[in-house]
Amino acid sequence: MSYHKFLDPELIIPISRSSTTAFRTGSWSRIRPVFEEKFSPCSVACPTANNIASAMFKISQGDFDGALAAFLEESPLPGVCGRVCNHNCQSKCNRNDHDSSVRIRTIERSASDHGTAKPVQLTDAGKKLPVAVIGSGPAGLAAAYHLARMGHPVSLLEASERLGGLLAMGIPGYRLPKKVLNHDIERILTLDIKPITNHTVDHEGLEKLLDSHKAVLLATGTWAPTTMGIPGEDLKGIIPGLDFLLDSSIQAQVKGRNVIVIGGGNTAIDASRVAMRNGAATVSILYRPDLDALPDSDDEVCEAEEEGILRIPSHPMEFIGEKGEICSIRCREIVQAEYSNNCISSSKPNIEFKELFPCDVVITAIGQTLVASSLHSSLQQEYGRIVADRQGRTARKGLYVAGDAGPFQATVVDAMASGKRAAVSIHLELTGSMDETSTALLDSGRTFSIMDMFKTGPKRNSDASAKINRYSYLTASETTPQCSPTIAADERVCGFQEVVGGLESKEATAEAGRCFYCGSCIGCDLCATFCPDVSMCQESGKTAYEADPEHCKGCGACAAACVRGVLEMGEEQ
């Protein structure tokens, strides 16, 4: 008698010749893979919480409309931000550990340049709750945009003849062409937003708006120049930076003259480059590293220096004049300490050293403050800003503030973020939807996604930044980022044409393909491929992968294979 039939595995355990479904190994462990998309590090660093990984993947597939739609979920100004954003996102890109970051700002611009998507309505819950927004700069535009997407009829009031605020009047065309801003604004106005230009709101007008609307948001910005408080400030030839940028007739006065700009931030850099384009003989920037704000982008500093503009660390002490006109500035030299992360850790004036800088024109760009008007007289102010909490709520019920007028960071993207935060706060308060979770999120100051607040189903986890598998570095070849075309310095100082160009669609697709898509599932199927139990499955039309509980034994092969940190092992619920 043969023993082989007694040793036949099929007599001991069930075996399927065509499938392993008969192996019900799911009872071996309570550990299961948990599918959860997360904020990528770049999204965490983005004040508006753009779903950058999603937009990158769509462009890598040639889907510019889908990428633009992804940006429009959180930000109404992709054309603007694709040019003037300070792109903190790029410094946090995981690819920095491999070769160099993905050019995220450039890709956002590409989505705007090549895509045609429109805003998507989030809810109509606010349709009977009108809101007025005063000011149409980045904060006001963002607030109006998100309020309208939440159903609120919005009145957008602007004191000047065109919308855009500082974007329209204070950022030169070589950085932000007017047609780009206008295109973004036209897209915003496809929503239920009523623009009202040439309309200044005084204290009485504010009272009327509060009576006729359920809430009012102040996004007026800061337009009054800050004084330096040193002798000689009343001399002729000393011009506030914003006044210079706003008035072409003032700009024409610098032709053939020696110009000194005082300040270190964006306004100072812009004023110096505009002066150069208006024929100034020489342009120098005196900046105080210990006091002056740094520019939003190092790119602008490099471009200014390429155009022949000198940056000198120095501490102005006195304006000196002849016959009532400025002729020189007396300064103390700045003694600099060590640099740390591109910032000077400490600096002080050398009291023993004094130097005279001859000049014909001085442009002061050391910051702005609120315009003294009855509009703000009933509101508490501190450090030149309206006092408000993180949600933008002032001491006056129903009155909110966003952007530079409030206690928020003074960059374009931060202004937009404060506008979005105030809009969500207004909506939740007016609809009675504010709960402890929403309050904690809005008060935390943490980046949040408005899409994740409104969509049903799985949401990105904003509490954890996605960590990617080192396998990404092993499989990704080192690549050089796509470079945007730039006009030569000697050509660009002759006019106001845009200095930095955009990428062609093929170049943008290649650059987006460098992204690791951290925290986002792109359907690579590695989890299913490496699963020894063939238990990973994906429902039709859904992105989430789930493990079949009857067959997954919790070995963790799928989580180990997931290069984007979407799958992690956890206890079965």
### Message
What's the separation between atom CG in Asn51 and atom OG in Ser75, rounded to the nearest 0.5 Å?
### Response
13.0 Å
### Query
Strictly by modelled atom types, are Glu158 and Ser136 linked by a side-chain donor-acceptor pair under 3.5 Å?
yes
### Message
Less than 6.0 angstrom from the centroid, inside 45 degrees of the normal: does Lys58 satisfy that with respect to the ring of Phe71?
### Response
no
### Query
For the side chain of Asp414 and the backbone of Ala410, is there at least one donor-acceptor N/O pair under 3.5 Å apart?
no
### Query
Would you say Arg514's side chain and Ser101's backbone share a donor-acceptor pair under 3.5 angstrom?
yes
### Query
Which atom pair, heavy atoms only, marks the closest approach of Gly164 to Leu141?
CA-CD1, 4.4 Å
### Query
Taking the side chain as C-beta and beyond, is there a heavy-atom pair between Arg175 and Val499 under 4.5 Å?
no
### Task
Check the pair Arg393 / Glu429 against side-chain contact (heavy atoms from CB on, under 4.5 Å), numbers first and verdict last.
CA-CA 11 Å; Arg393 296 177 297 191; Glu429 289 286 355; 3.4 Å; yes
### Query
Between Lys38 and Glu36, is there a donor-acceptor pair closer than 3.5 Å when you use the side chain of the first and the backbone of the second?
yes
### Task
Identify whether the distance between the nearest side-chain nitrogen and carboxylate oxygen of Asp270 and Arg273 falls below 4.0 Å.
no
### Task
Determine the sole option in Leu167, Val413, Val180 for which the side-chain contact (heavy atoms from CB on, under 4.5 Å) test with Leu77 is passed.
Leu167
### Message
Under 4.0 Å between a side-chain nitrogen and a carboxylate oxygen: does that hold for Arg105 and Asp299?
### Response
yes
### Message
Quick check against the 3.5 Å criterion: does Lys420 have a side-chain atom that pairs as donor or acceptor with the backbone of Thr48?
### Response
yes
#### Entry: Main-chain N/O of Arg103 paired to Glu511 side chain as donor or acceptor, under 3.5 Å
yes
#### Entry: Distance-only side-chain donor-acceptor flag, Asp65 / Thr116, under 3.5 Å
yes
### Message
I'd like to know if the side chain of Tyr517 pairs up with that of Ser60 as donor and acceptor (distance under 3.5 Å, no hydrogens or angles considered).
### Response
yes
### Query
Just how far is it from atom OG of Ser272 to atom CD1 of Ile262, taken to the nearest 0.5 Å?
13.0 Å
### Message
Taking Met276's backbone N and O only, do any of them form a donor-acceptor pair with Glu307's side chain (distance below 3.5 Å, no angle check)?
### Response
no
### pair Tyr174-Glu303: side-chain heavy atoms closer than 4.5 Å
no
### Verdict with supporting geometry, Ile522 and Arg564, side-chain contact (heavy atoms from CB on, under 4.5 Å)
CA-CA 9 Å; Ile522 63 171; Arg564 295 169 186 89; 3.5 Å; yes
### Query
Between His146 and Phe454, is the ring centre distance below 6.0 Å?
no
### Query
Do Phe516 and Val102 pass the side-chain contact (heavy atoms from CB on, under 4.5 Å) test, and can you show the C-alpha distance, the side-chain angles, and the key distance before you say yes or no?
CA-CA 9 Å; Phe516 288 150; Val102 179; over 6 Å; no
### Query
His427 vs His152 aromatic rings, parallel, tilted or perpendicular, using cut-offs 30° and 60°?
perpendicular
### Message
Between the side chains of Glu498 and Arg492, is the shortest nitrogen-to-carboxylate-oxygen separation below 4.0 Å, so that they form an ion pair?
### Response
no
### Task
List the steps, then state whether salt bridge (charged side-chain N to carboxylate O under 4.0 Å, His left out) holds for Asp184 with Lys179.
CA-CA 9 Å; Asp184 276 356; Lys179 65 178 182 180; over 6 Å; no
### Query
With a 4.0 Å cut-off, would you call Lys208 and Asp211 a salt bridge?
no
### Task
Consider only side-chain N and O atoms of Ser155 and His213, and report whether a donor and an acceptor are under 3.5 Å apart.
yes
### Task
Could you tell me which non-hydrogen atom of Thr447 sits nearest to which non-hydrogen atom of Ala49, and how far apart they are?
CG2-CB, 3.0 Å
### Query
Any luck finding a side-chain donor-acceptor pair between Asp435 and Ser438 under 3.5 Å?
yes
#### Entry: Minimal non-hydrogen separation, Ser40 against Cys518, with atom names
CB-O, 3.3 Å
### Query
Would you say the side chains of Glu74 and Ser449 form a donor-acceptor pair under 3.5 Å?
yes
### Task
Could you check if a side-chain atom of Val154 sits within less than 4.5 angstrom of a side-chain atom of Tyr145, using non-hydrogen atoms only?
no
#### Entry: Residue from Arg421, Arg390, Gln391 passing side chain to side chain donor-acceptor pair (under 3.5 Å) with Asp443
Gln391
### Task
Output, in order, the C-alpha distance, side-chain angles, deciding distance and verdict of side-chain contact (heavy atoms from CB on, under 4.5 Å) for Glu300 and Asn266.
CA-CA 8 Å; Glu300 296 164 44; Asn266 288 88; 3.0 Å; yes
### Task
Check Ala117 against Leu72 and note the closest heavy-atom contact, atom names and distance.
O-CD1, 3.7 Å
